[in-house]
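These notes concern the structure reproduced below.
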Amino acid sequence: MIESTTIFSLSTGAGMAGIAVIRVSGPKAFQSINLLCAKDVEERYASLRKIKNSISGEVLDEGLVLKFQAPLTFTGEDIVEFHIHGGQATISAVLDALGQIDDFRQAEAGEFTRRAFSNGRLDLVEIEGLGDLLHAQTQAQRKQALAQAQGASSLVFEKWRRDIISILAYFEASIDFVEEEDVDERAVTHQTEKMIHLRNEMAGHLNDSARGTGIRDGVKVVLVGEPNVGKSSILNYLADREVAIVSEIPGTTRDAIEVQLELNGIPVIFTDTAGLRQQTDDLIEKEGIKKTRQKSLEADIVLWVIESGQYFNKLDVVTEGDVIKVINKIDNVDQSLDEIGPALKISVKTGHGLDTLLRELSDRVSHLFGGNEPALITRQRQKEALSHCIGYIDRAIEMDSQSLELLSEQIRLAAIELGRLVGRVDVEDLLDVIFNDFCVGK
Ligand SMILES: Nc1nc2c(ncn2[C@@H]2O[C@H](COP(=O)(O)OP(=O)(O)OP(=O)(O)O)[C@@H](O)[C@H]2O)c(=O)[nH]1
Ligand SMILES: [Mg+2]
């Protein structure tokens, strides 16, 4: 789709800054140089130019001007960049001057990226990566988002899609050219083996998706335990400020309180919760305890806290996350705590064991969510698409070679699902390409 309008906008952040970059994209982008600058610029080289209002002739600023010719640009269209001084009046004067040009208008939110997508410069997963990169706050988030924005995930998804479609091509060809009784069972078995191999590879990455979503959304660590054991005290220590109220009255915390921190470059959301107890008439506390259970269900790691003198009986919440046992207030006892079994022994009061607690948390988070290679799957949307795709392949694997048409249909759905993942739905195009160098039975 060719856009007829040329769009422009401030691409750097709002607020006073040394430099502001205004980006122009569209079929007439280069006209902005003709109209606003006295002399043209060389492609992909920064040139210093006076920038003027083309109607009044007034010089608005002096700055660097660059142009990039389509199609190898961010949007796939001609692009111009004006690097001007970052003051508010300068920015608005240049934006006004651009707005006066015929067929030019301010870009809508995300419109440059939308054009990049329509022109095939970025696929959906790369755009998601780019969005994450702009929001990245920690180094692990940056690393993961950059890999995805640069197409690391898309490369794998596209390979899987090609593999599926080449399997589809085999079965479609068999339907078209082979009599039912002539179906080559050995060749079918070979294709089935390929499907099994593929679905296992996909499932491996799907299992690894918690790593991706954890880094993107934050790893969830939830503090759980009976009232008054020192959960809020631990949270305040971790946050290094008084986030939660601490008091000697059991049932102090009634709501879930969240603090985001960073451990080894990975964002971690700590949640302090209402202490768990059976006996309470307080409605608000009861609501709080409900929330504790909900948060525990979603937790990646549960910090199960007791205080010295108590035992780890049974964890009173359901969780699929790792559980780290912590005994607090060890300053209160002189007897040995060994009989209680393996647990971190700390005292928020004296500071004993707190560095070990932090190290254990760091290690656990890195172990679960770190790793050298960034995860392929980082969002719920990607997760769902991949698990649907696996579902279709599984159905195809179970099917009988006697019903090749039904089997093909499942494989086709699997391919469409992966296409949706990256934002491409052209199964037929790819099928044609594969058919071109494809002989039945080979
Ligand atoms: N002696 C001692 N007291 C502590 C320690 N840590 C916390 N306390 C005290 O224990 C009491 C309860 O602490 P909180 O942090 O409010 O406990 P909690 O688990 O959040 O309690 P709820 O919010 O009621 O569930 C407070 O009086 C704290 O000062 C510790 O290591 N040693
Ligand atoms: Mg508390």
Side-chain angles (χ1 to χ4, degrees), residues 218-261 263 268-319 321-362 364:
V219 176
K220 301 188 189 79
V221 179
V222 179
L223 288 137
V224 176
E226 288 180 13
N228 221 34
V229 295
K231 300 180 295 299
S232 300
S233 307
I234 296 173
L235 182 80
N236 288 348
Y237 159 74
L238 291 167
D240 201 17
R241 61 196 163 96
E242 301 296 308
V243 197
I245 300 173
V246 165
S247 88
E248 69 284 356
I249 306 165
T252 302
T253 308
R254 285 124 156 264
D255 213 339
I257 301 173
E258 296 194 341
V259 177
Q260 181 162 343
L261 299 174
L263 294 177
V268 183
I269 300 164
F270 286 94
T271 307
D272 179 24
T273 62
L276 296 161
R277 60 173 161 184
Q278 311 299 332
Q279 301 283 304
T280 173
D281 297 329
D282 188 317
L283 282 180
I284 300 172
E285 194 183 349
K286 272 188 182 159
E287 269 312 299
I289 292 174
K290 233 194 233 172
K291 262 195 184 177
T292 305
R293 299 193 184 286
Q294 185 57 39
K295 292 284 174 188
S296 307
L297 259 178
E298 299 162 5
D300 298 303
I301 298 171
V302 165
L303 271 192
W304 182 8
V305 188
I306 62 169
E307 62 178 33
S308 58
Q310 298 179 332
Y311 289 88
F312 292 102
N313 293 323
K314 184 174 172 294
L315 182 57
D316 194 16
V317 293
V318 181
T319 182
D322 276 16
V323 177
I324 300 178
K325 293 179 178 174
V326 179
I327 306 169
N328 186 31
K329 306 195 190 180
I330 58 156
D331 53 289
N332 272 346
V333 284
D334 347 298
Q335 100 248 29
S336 156
L337 290 164
D338 291 344
E339 74 227 46
I340 299 178
L344 292 169
K345 288 135 193 145
I346 65 167
S347 163
V348 181
K349 190 175 172 186
T350 66
H352 181 94
L354 293 179
D355 46 348
T356 317
L357 170 68
L358 207 52
R359 207 173 326 117
E360 172 64 24
L361 278 167
S362 277
R364 198 71 73 105

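Whatever order the structure lists ligands and atoms in, that order sets their numbers, starting from 1. We're numbering straight along the sequence, starting at 1.
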Protein contact of atom 3 (N) of ligand 1 - nearest heavy atom, named by residue and atom, plus distance: K329 CD, 3.7 Å
Quick check: are there more than 12 heavy atoms from other residues, nucleotides or ligands sitting under 6.0 Å from CD1 of I245? no
Should the proximity of T350 to ligand 1, defined as any heavy atom under 4.0 Å, be assigned to the side chain, the backbone, both, or neither? neither
Any non-hydrogen atom of G225 lying under 4.0 Å from ligand 1? no
With heavy atoms under 4.0 Å as the rule, classify the contact between V246 and ligand 1 as side chain, backbone, both or neither. both
Ligand 1 versus S247, non-hydrogen atoms closer than 4.0 Å: side chain, backbone, both, neither? backbone
D281 with K286: basic N within carboxylate O range, under 4.0 Å: no
Heavy-atom distances under 4.0 Å decide this one: backbone, side chain, both or neither, for N332 against ligand 1? side chain
Should R364 and E360 count as an ion pair when the cut-off is N to O under 4.0 Å? yes
Tell me the contacting part of P250 for ligand 1: side chain, backbone, both, or neither, using a 4.0 Å heavy-atom threshold, strictly below. backbone
For S347, the ligand 1 atoms whose distance to one of its heavy atoms is below 4.0 Å: 31 (O)
Verify the distance test for T273 against the Mg ion (ligand 2): any N/O/S atom under 2.8 Å, yes or no. no
For atom 15 (O) of ligand 1, which protein heavy atom lies nearest, and how many Å away is it? S233 OG, 2.5 Å
How many degrees, to 10°, between S232 OG and T253 OG1 as seen from the Mg ion (ligand 2)? 90°
Quick test: of every protein heavy atom, which one is nearest to atom 24 (O) of ligand 1, and how far off is it to 0.1 Å? G251 N, 2.7 Å
